[in-house]
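See below for the structure under consideration.
Excluded from the calculations below are hydrogen atoms, water molecules and symmetry mates; all remaining heavy atoms, backbone and side chain alike, are included. Sequence lines set the chain letters: A, B, ... in the order given, protein chains first and strands last, and positions in each chain run from 1.
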Number of protein chains: 2
Amino acid sequence: MTRPNMKVYEARARIIKALAHPSRLLMLDLLQEGERCVCELTERVGADQSTVSRHLAVLKNTGLVEDRKEGVMVYYRLRCKCLRGFFNCIEAVLKDNLKVQAEALAL
Amino acid sequence: MTRPNMKVYEARARIIKALAHPSRLLMLDLLQEGERCVCELTERVGADQSTVSRHLAVLKNTGLVEDRKEGVMVYYRLRCKCLRGFFNCIEAVLKDNLKVQAEALAL
DNA sequence: TGCATTCATGGTAATATAGCCATGAATACA
DNA sequence: TGTATTCATGGCTATATTACCATGAATGCA
C-alpha cells in the first residue's frame with residue numbers, strides 16, 4: 001500500500017459491508033417508512049428471530065440504525081437520511097448490467 | 001420472507017458486496033482519475049498481483065469496471081459514474097458516527 | 001526460437017459470515 | 001409470584017471470503 005489513507009478505506013468498507021446483505025437491505029427499506037419492532041422485522045424477513053437480531057446488531061454497530069426500548073419491545077429506526085442516493089447508484093449499476101446483457105443477446 | 005421481491009435485494013447485495021473491501025475501494029478511487037493497468041494497481045494496493053487480479057475480477061463480474069487489453073497489459077476503467085453519490089452517503093455515516101462518539105466523550 | 005513481462009487461475013489455509021437452536025435477561029400482566 | 005412475550009447472546013456448523021504461492025497463457029522483443 002503506497003497510499004497512507006488505508007484507514008479511510010477500511011472505515012468505508014466496514015459500513016458498506018454492513019449494507020451488503022439482502023435481509024439487511026430489506027430491513028433498511030422497511031425502516032425507511034418508519035420505525036419497526038424486531039418482531040415485525042422478523043416476520044417480514046422470514047428468518048429466525050435470533051438471525052434478525054444479529055443483522056440488526058450489525059446495522060447498529062455501524063451507525064446505520066438506532067433503537068429505542070419500549071416495554072418488552074425494541075424499535076429500530078434509520079440513523080442516516082442518505083440511503084436514497086446510495087441505492088440510486090446501485091440501481092444504476094443494475095440497470096446498466098441489464099442493458100449490457102440485452103445488447104449481448106442482440107448481437 | 002413475506003415480500004416477493006427478495007431477488008431485487010439479492011441483486012443489490014451482490015453489487016454492494018463487491019464494493020465492501022478496502023483494496024477494492026482504493027482501486028475504484030484510483031480508477032476515478034482514469035484507467036490503470038493491473039501492474040500499477042498492484043503496486044498501489046501493495047498486495048500480491050494475484051490478489052489484485054482477483055479483486056479486479058470481482059469488480060468486473062458485477063459490472064463496476066471493464067477492461068481493455070493492449071499488448072501484454074490490461075487496463076481497467078470505471079463503468080459507473082455514480083460512485084460519487086454513493087460514497088457521499090458512506091462519508092456522511094462516518095462523519096455522523098464521529099459526532100456521536102465525540103458527544104459521548106463530552107458527557 | 002528463446003526469454004522476459006504481464007496478467008489470470010488452480011490450490012490451499014486462515015478467517016469471517018450467516019444460519020439455527022437453545023437459553024438468558026428484561027418486561028408486562030394475571 | 002408465576003407465566004408469557006420480546007429480544008439478545010452463547011454454541012455450533014456450514015459456507016464464503018481473502019490471502020499467498022505456484023504456475024499457466026498471452027504477448028513483445030532480442
Practice task
Using a cut-off of strictly less than 4.0 Å, decide whether His21(B) has a side-chain nitrogen or oxygen near OP1 or OP2 of dA19(D).
Solution key: yes
Practice task
Would you tell me if any nitrogen or oxygen in the side chain of Arg24(A) comes within less than 4.0 Å of OP1 or OP2 on dA18(C)?
Solution key: yes
Exercise for the section: Please report, rounded to the nearest Å, how far the P atom of dA8(D) is from the OH atom of Tyr75(A). Expected result: 13 Å
Completion exercise
In whole angstroms, the gap separating C1' of dT5(D) from CD of Glu43(A) amounts to 16 Å
Practice task
First locate atom OH of Tyr75(A), then atom CZ of Arg36(A), and finally report the distance between them rounded to the nearest 0.5 Å.
Solution key: 10.5 Å
Completion exercise
Of dT27(D), dC20(C), dC7(C), the nucleotide closest to the side chain of Ser50(A) is dC20(C)
Handout entry: His55(B) vs dA19(D): side-chain N/O to OP1/OP2 distance below 4.0 Å
Key = yes
Exercise for the section: Go through dA8(C), dT9(C), dC20(C) for me and flag the one nearest to the Asp48(A) side chain. Expected result: dC20(C)
Fill in the blank from the handout: Rounded to whole Å, CZ of Arg54(A) lies from C1' of dG24(C) at a distance of 13 Å
Completion exercise
Contacts of Val72(B) and Val72(A) projected onto DNA chain D by closest heavy atom; the upstream (5') one is Val72(A)
Exercise for the section: Please tell me which of Cys39(B) and Gln49(A) maps to the more 5' nucleotide of DNA chain C, matching each residue to the nucleotide holding its nearest heavy atom. Expected result: Cys39(B)
Handout entry: Below 4.0 Å: OP1/OP2 of dA8(D) and any side-chain N or O of Tyr76(A)
Key = yes
Handout entry: Side chain of Lys69(B) (C-beta onward), nearest among dA26(D), dC21(D), dT9(C)
Key = dA26(D)
Practice task
Starting from C1' on dT6(D), measure out to CG on Leu41(A) and report it in whole angstrom.
Solution key: 13 Å
Handout entry: Residue from Leu28(A), Leu64(A), Leu59(A), Leu30(A) passing side chain to side chain contact (heavy atoms under 4.5 Å, CB included) with Leu78(A)
Key = Leu28(A)
Practice task
Write down the distance between CD1 (Ile16(A)) and P (dT17(D)), rounded to a whole number of angstrom.
Solution key: 16 Å
Exercise for the section: Could you state the atom-to-atom distance from CD of Glu10(A) to P of dT18(D) in whole Å? Expected result: 13 Å
Handout entry: Separation of atom CZ in Arg14(B) from atom P in dA16(D), rounded to whole Å
Key = 13 Å
Problem - Side-chain (Ser53(B)) to main-chain (Gln49(B)) donor-acceptor, under 3.5 angstrom - result: no
Exercise for the section: In whole angstrom, give the distance that lies between atom CG of Asp67(B) and atom C1' of dT27(D). Expected result: 16 Å
Handout entry: Proximity to the side chain of Met73(B) - top-ranked nucleotide from dC20(D), dC7(C), dT6(D)
Key = dC7(C)
Exercise for the section: May I ask you to say what Lys17(B) touches in the nucleic acid, namely base, sugar-phosphate or nothing, with a heavy-atom cut-off under 4.0 Å? Expected result: sugar-phosphate
Practice task
Please tell me if the side chains of Arg54(B) and Thr51(B) come closer than 4.5 Å, counting only heavy atoms from C-beta onward.
Solution key: no
Practice task
Mind running salt bridge (Lys or Arg N to Asp or Glu O under 4.0 Å) on Glu66(A) and Arg68(A) for me, showing each step along the way?
Solution key: CA-CA 7 Å; Glu66(A) 56 193 351; Arg68(A) 174 177 72 83; over 6 Å; no
Exercise for the section: Give a yes/no answer on whether the side chain of Thr51(B) brings an N or O atom under 4.0 Å of OP1 or OP2 in dC20(D). Expected result: yes
